[in-house]
Q: 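Below is one structure. I have some questions about it.
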Amino acid sequence: MSWWRGAAIYQVYLRSFADGSGDGVGDLAGLRARLPYLRELGVDALWLSPWYVSPMADAGYDVADYRDIDPLFGTLAEADALISEAHDHRLRVIVDIVPNHTSDRHPWFRAALAGGPGSPERERYHFRDAPNDWPSRFGGPAWTRVPDGEWYLHLFDSSQPDLNWEHPDVRAEFESILRFWLDRGVDGFRIDVADRLVKADGLPDLGPGPDPMDLPHADRPEVHEIYRSWRKLLDSYPGERMFVGEIWVSDPARFALYLRPDELHTAFNFPFLRSPWEADRLRAVIDSTLASHGPAGAPPTWVLSNHDVTRHVTRYGRSDTGYTQRTRDEPADLALGTRRGRAAALLTMALPGGVYLYQGDELGLWEVLDIPAELRQDPVTRRTNGAELGRDGCRVPIPWEGADPPFGFGPGRTWLPQPPEWRALTVAAQERDPDSMLSLYRTALRIRGDEPALGDGTMTWLPAGPDVLAFTRDPGFACVVNLSRAPIELPPHTRVLLLSGDLAHGLLPPDTAAWLQQGEP
Ligand code: NOJ
């Protein structure tokens, strides 16, 4: 079986993982020093957020040079060392590729500005005499005017001009970039904004009620041709390399098109991430995930959090447990959110397919809501004039050890402030506590790695009471999650393998999950 079909993949958000240089920003030196921690956690692979040369207007998702490392993070030689050391620890390395847009400091965009209206350099981007009505995903219009009067398209920040994927230079350049990193030994790519590369001819207006199945700026049928060609390229390399697409396409059938055998291997399962903590909703999304992936033969992925969304401990501790766009800072019951987060961890790690962990999930970190406005760095905050809090709250540096910030993150300050309460959540504190979130993740990942039933495969729902999720994985494994308000009996089992919380008089309490062995081992 290919490793990526059932892998546990850890998202390293480099600037917030560990700081080796002492400038307050995480880097490759910090990550390399902490590789043993990741090995011991029990994950199979790392996905690293962009590490390329960048003015960091969008934390590195604005790339100025795709073939070098930003000095903030280190050097190309350190990246090579990281890849090889990760492999020594039996950790695969997935890098982030950002093909929808470049930075406005990329040589191509500079040349486009210098070339002026009508120049061939402008054809690599989308320049027009007048804007259309498309909004930027980060707030405000998706168009910015340059001094000579033309406008350019940017689906995200104005510092992230969209590339024109009809242009042969763009296609050739990205294939060359893929080869550059494959030659250096990476095991895969996470494709940023994977469904938006191609735009409808003529860039037509969205109009008042755009048809969600026919958007001019998303999920165009022509985009599949790009991934067919990328897949051929990837398959020409030895070893089992993979793609994971960031695809926010809500229609399951359209989503599944990206997972055809000659396209991407996997894609993030955002409907699961967005689901409220409700049994019916979760069950529906699990069913539709399995139904859409099955025909394509692609393994599902399960993800609770990432660097773009409110951390799930906070989401699950709110009255509305669904995904929020951070327009408000509604307080959360963190004890409840943590309890549910523990149960959710066992649920995701028991489902068939691959699982993604965002750094800090394993520590039970919550969303930091009280970052002072002047310290916030996400362009979303600026572009919405503060109406959206932005994504900084899930990007706060990891607490490693000690009683006070920076909690061993590095020798000095941290680029975002850490809450003093995180002293109870440091890696060192949790390593000493067999009941901590970290201990739960380590045990779950160990069992997941050893247990033949887990990872890739199929599942069967068990009959269960209202608001209970219970399913089996062959051979002889069951997972039960109690989302009801009352304790429940465990399904038949020969052994309890793992609990997210203590049983109460032999019953599984609310917001608690159990892994069970059924039959003989
Ligand atoms: C998705 C990335 O995850 C996000 O962080 C980034 O801001 C946008 N794509 C634009 O690249």
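As the structure lists them, so they are numbered: ligands from 1, and atoms in each ligand from 1.
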Q: When you compare the side chain of Leu438 with that of Tyr37, does any pair of heavy atoms fall below 4.5 Å?
A: yes

Q: Under 6.0 Å from the six-membered ring centre of Phe180 and within 45° of its axis: does the NZ or CZ of Arg184 meet both?
A: yes

Q: Specify the protein heavy atom at minimum distance from atom 7 (O) of ligand 1: its residue, its atom name, and the distance to 0.1 Å.
A: Asp58 OD2, 2.6 Å

Q: Is it the case that the ring center of Tyr152 lies less than 6.0 angstrom away from the ring center of His126?
A: no

Q: Just to check, does His154 reach to within less than 4.0 Å of ligand 1 when the distance is taken from its heavy atoms?
A: no

Q: Over 60° means perpendicular and under 30° means parallel, so tell me whether Tyr358 and Tyr13 are parallel, tilted or perpendicular.
A: perpendicular

Q: Kindly identify the option in Val98, Asp308, Val380 whose heavy atom sits closest to atom 4 (C) of ligand 1.
A: Asp308

Q: Is the count of non-hydrogen atoms from other residues, nucleotides or ligands lying under 6.0 Å from Asp201 atom CG greater than 12?
A: no

Q: Any atoms of ligand 1 less than 4.0 Å from a non-hydrogen atom of Glu246? List them with their elements.
A: 1 (C), 3 (O), 9 (N)

Q: How many angstroms lie between CZ in Arg220 and CD in Glu225, if you round to the nearest 0.5 Å?
A: 13.5 Å

Q: Please state which option from Asp192, Asp378, Asp62 has its nearest heavy atom closest to atom 2 (C) of ligand 1.
A: Asp192

Q: Which of the atoms of ligand 1 are close to Arg391, meaning less than 4.0 Å from one of its heavy atoms?
A: 4 (C), 5 (O), 6 (C), 7 (O)

Q: When you measure from the heavy atoms of Arg395 to every atom of ligand 1, does any distance fall below 4.0 Å?
A: yes

Q: Under 4.0 Å from a heavy atom of His101: give me the atoms of ligand 1 that qualify, with their elements.
A: 10 (C), 11 (O)

Q: Run the numbers for me: atoms of ligand 1, each under 4.0 Å from some heavy atom of Val193, listed by number.
A: 9 (N)

Q: Going by side-chain contact (heavy atoms from CB on, under 4.5 Å), Asp187 matches just one of Glu240, Met242, Arg92. Which one?
A: Arg92

